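Proteins get letters first, then strands, A, B, ... in listed order; numbering begins at 1 in each. What you see is a predicted model; the values in this text were computed from it and never measured.
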Protein chains: 2
Amino acid sequence: MSEKSPVLNAPVQSCRISRPRERIVATARDLFHKFGIRSIGVDTIAEAAGTNKMTLYRHFGSKDDLICECLQEVARDVETMWGEITASNPNDPRAQLQEWVRRSAECVVNDGRGCDLANAAVELTEADHPARKVIEGVKRTYYIHLVDLCRAVGVAQPELLADALSLLFEGARVSRQSVGAEGPSARFVRMSEAVISAFADRTH
Amino acid sequence: MSEKSPVLNAPVQSCRISRPRERIVATARDLFHKFGIRSIGVDTIAEAAGTNKMTLYRHFGSKDDLICECLQEVARDVETMWGEITASNPNDPRAQLQEWVRRSAECVVNDGRGCDLANAAVELTEADHPARKVIEGVKRTYYIHLVDLCRAVGVAQPELLADALSLLFEGARVSRQSVGAEGPSARFVRMSEAVISAFADRTH
DNA sequence: GACCAGAGTTACCGGTCAGTAACATCAACG
DNA sequence: CGTTGATGTTACTGACCGGTAACTCTGGTC
């Protein structure tokens, strides 16, 4: 079960690999994603992360803290993705938007559960839950990224296109979760491209 | 607190009003909707319904049973809504589709929490949970209704339009829940109409 | 070797939750 | 009046869950 760094104990030791804290967050993200936040107890997380509850509580003041940390890591991943999209086709916003569609579709098909942030918003109904600020913040910056990209493409109504695309994406993820993979979410790419070209036609 | 039928105890008595069972389902639907399924215990439901846990368990074998009953009532409401849409503008599918957009937008604006079925799918992650069949069934018939309506309107690709509209709607509800009322969901009507006219333009 | 911070172990607390048992009440109906 | 069926009441079980206390262990540093 336990990895005791079987080889190479001499020089790499200074850079500690797989610290409990990182394993806890990674495990929590995985379990929260698969089974929901409220279904998973801290004991389960700690055990699955190969550690124990006390260590978990030494790093995170509460389960809510851990939840927020997980969502913030999601936020970082999202930011990384936008960087990769920009870097994928420099100075070609149209291709970048296609790359966004491709990645989003990949996300819809490969992942039966929806967006972690949206799911958290469903599960954490307390109006003052600390996670709500994180969720709102990430979704907001995500939308700004998408608007910027649509504007760079040069459509007449970049905000409206970004609205439509983000709702299509959000809807596809939640639809796949309710109806299954053969439902409307299966045509996400075609719909997105149809909407994009519809908006593009109106400008040129 | 308790209503003891203060007046009119003579003739209406035979038709029992507000039976515990109905109050339980109505209360459960309300509380599940507002606070989520997992946050609400059976005790809370029973008390809020003006009854007690034992009576609840005499009518429903388990909490999961009650959940399914609630979702099935949602299904009945949805079916009623489709009937009303059809009756609202007989023989005018285009107006019926606009009525659908209007009602859906109303739903998005007035209701901070999303669709009960989609939310239930998020919360109940067990693959074999009895509620999942209900959810899938309702969403499927809903989609069929929408496809039929789009076909009646006479667009070239009714399935794709129905896909797009249902995803926009689904996305709007979940987006409003995560980002708030000022996010992309605020432009749901404009987006829907834009998509509808884009699909309609391609046919004529 | 002394020290110390991080991590593991065990046990516990208080609360909540789904579900049940046993008994009391009450209204309708014959 | 007596029966019956639905409901109310109270108390309970067993499991789980978030969080804490106290102690031990270990690996690195000076």
Side-chain angles (χ1 to χ4, degrees), chain A residues 1-6 8-25 27-28 31-32 35-70 123-126 129-131, chain B residues 1-5 8-25 27-28 31-32 35-70 123-124 126 129-131:
Chain A
M1 278 287 184
S2 59
E3 322 275 285
K4 295 185 178 182
S5 65
L8 290 182
N9 52 351
V12 207
Q13 206 63 305
S14 68
C15 161
R16 271 187 192 259
I17 26 178
S18 98
R19 283 188 291 265
R21 187 180 210 280
E22 298 164 11
R23 283 182 322 213
I24 289 170
V25 176
T27 309
L31 293 177
F32 286 160
F35 306 106
I37 293 175
R38 301 195 79 116
S39 324
I40 296 295
V42 285
D43 267 311
T44 310
I45 296 169
E47 192 182 357
T51 177
N52 53 72
K53 192 160 55 166
M54 268 316 299
T55 302
L56 189 152
Y57 275 101
R58 283 187 195 110
H59 287 287
F60 306 96
S62 66
K63 188 185 179 184
D64 284 347
D65 272 18
L66 176 57
I67 294 169
C68 287
E69 183 56 41
C70 288
E123 288 199 87
L124 310 173
T125 55
E126 304 98 310
H129 195 288
Chain B
M1 277 289 185
S2 60
E3 324 273 285
K4 292 186 179 182
S5 65
L8 292 179
N9 52 351
V12 208
Q13 206 65 304
S14 69
C15 161
R16 271 184 191 263
I17 27 180
S18 96
R19 283 190 293 266
R21 187 181 208 280
E22 298 163 9
R23 284 184 323 217
I24 289 170
V25 176
T27 310
L31 293 177
F32 285 161
F35 306 106
I37 292 175
R38 301 195 80 113
S39 323
I40 297 295
V42 285
D43 267 311
T44 309
I45 295 169
E47 193 183 357
T51 177
N52 52 71
K53 192 162 54 167
M54 268 315 298
T55 303
L56 189 152
Y57 273 101
R58 284 187 194 111
H59 287 285
F60 307 96
S62 65
K63 187 185 179 183
D64 285 346
D65 272 17
L66 177 57
I67 294 169
C68 287
E69 183 57 40
C70 289
E123 289 199 87
L124 310 173
E126 303 98 314
H129 195 288

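- Residues from residues 46-53 of chain B placing a heavy atom under 4.0 Å of any atom in DNA chain D, listed by number, are B/G50, B/T51, B/N52.
- Judged by distance alone, with hydrogens and angles left aside, the side-chain atoms of B/T44 form no donor-acceptor pair with the main-chain N or O of B/I40 at under 3.5 Å.
- No option in B/V25, B/T51, B/L31 other than B/L31 meets the side-chain contact (heavy atoms from CB on, under 4.5 Å) test with B/I45.
- The CD atom of A/E123 sits 10.5 Å away from atom CD1 of B/I37, with the distance rounded to the nearest 0.5 Å.
- Under the 4.5 Å side-chain criterion, counting only non-hydrogen atoms from C-beta, B/F60 is not in contact with B/V42.
- For the atom pair OG1 of A/T125 and CZ of A/R38, the computed distance is 6.5 Å after rounding to the nearest 0.5 Å.
- One can place NE2 of A/H129 at 13 Å from C1' of D/dG18, the figure rounded to the nearest angstrom.
- When rounded to the nearest whole Å, the span between CZ of A/F35 and P of D/dC16 equals 16 Å.
- One interatomic measurement links the two molecules: CZ of A/R23 to C1' of C/dG8, which rounds to 11 Å at whole-angstrom precision.
- Going from atom CE of B/M54 over to atom C1' of D/dT10 covers 11 Å, rounded to whole Å.
- Atom-to-atom, CG of A/D43 to C1' of C/dC12 comes out at 13 Å; the value is rounded to the nearest Å.
- In this structure, the CZ atom of A/R19 is 15 Å from the C1' atom of D/dG28, given to the nearest Å.
- Listed in residue order, the members of residues 55-64 of chain A having a heavy atom less than 4.0 Å from DNA chain C are A/T55, A/R58, A/H59.
- A distance of 10.5 Å separates CD1 in A/I24 from CD in A/E22, rounded to the nearest 0.5 Å.
- Between the P atom of D/dT7 and the CZ atom of B/R21 lies a distance of 10 Å, rounded to the nearest Å.
- Rounded to whole angstrom, the span from the CZ atom of B/R38 across to the C1' atom of C/dA18 amounts to 12 Å.
- Sorted by first and then second residue, the side-chain hydrogen bond (donor to acceptor under 3.5 Å, both in side chains) pairs with a member in residues 57-67 of chain A read A/D64-A/H129; sequence neighbours excluded.
- Counting non-hydrogen atoms of other residues, nucleotides and ligands closer than 6.0 Å to CD of A/E126 gives a total above 12.
- Rounding to the nearest 0.5 Å places CZ of B/R21 at 9.0 Å from CG of B/L66.
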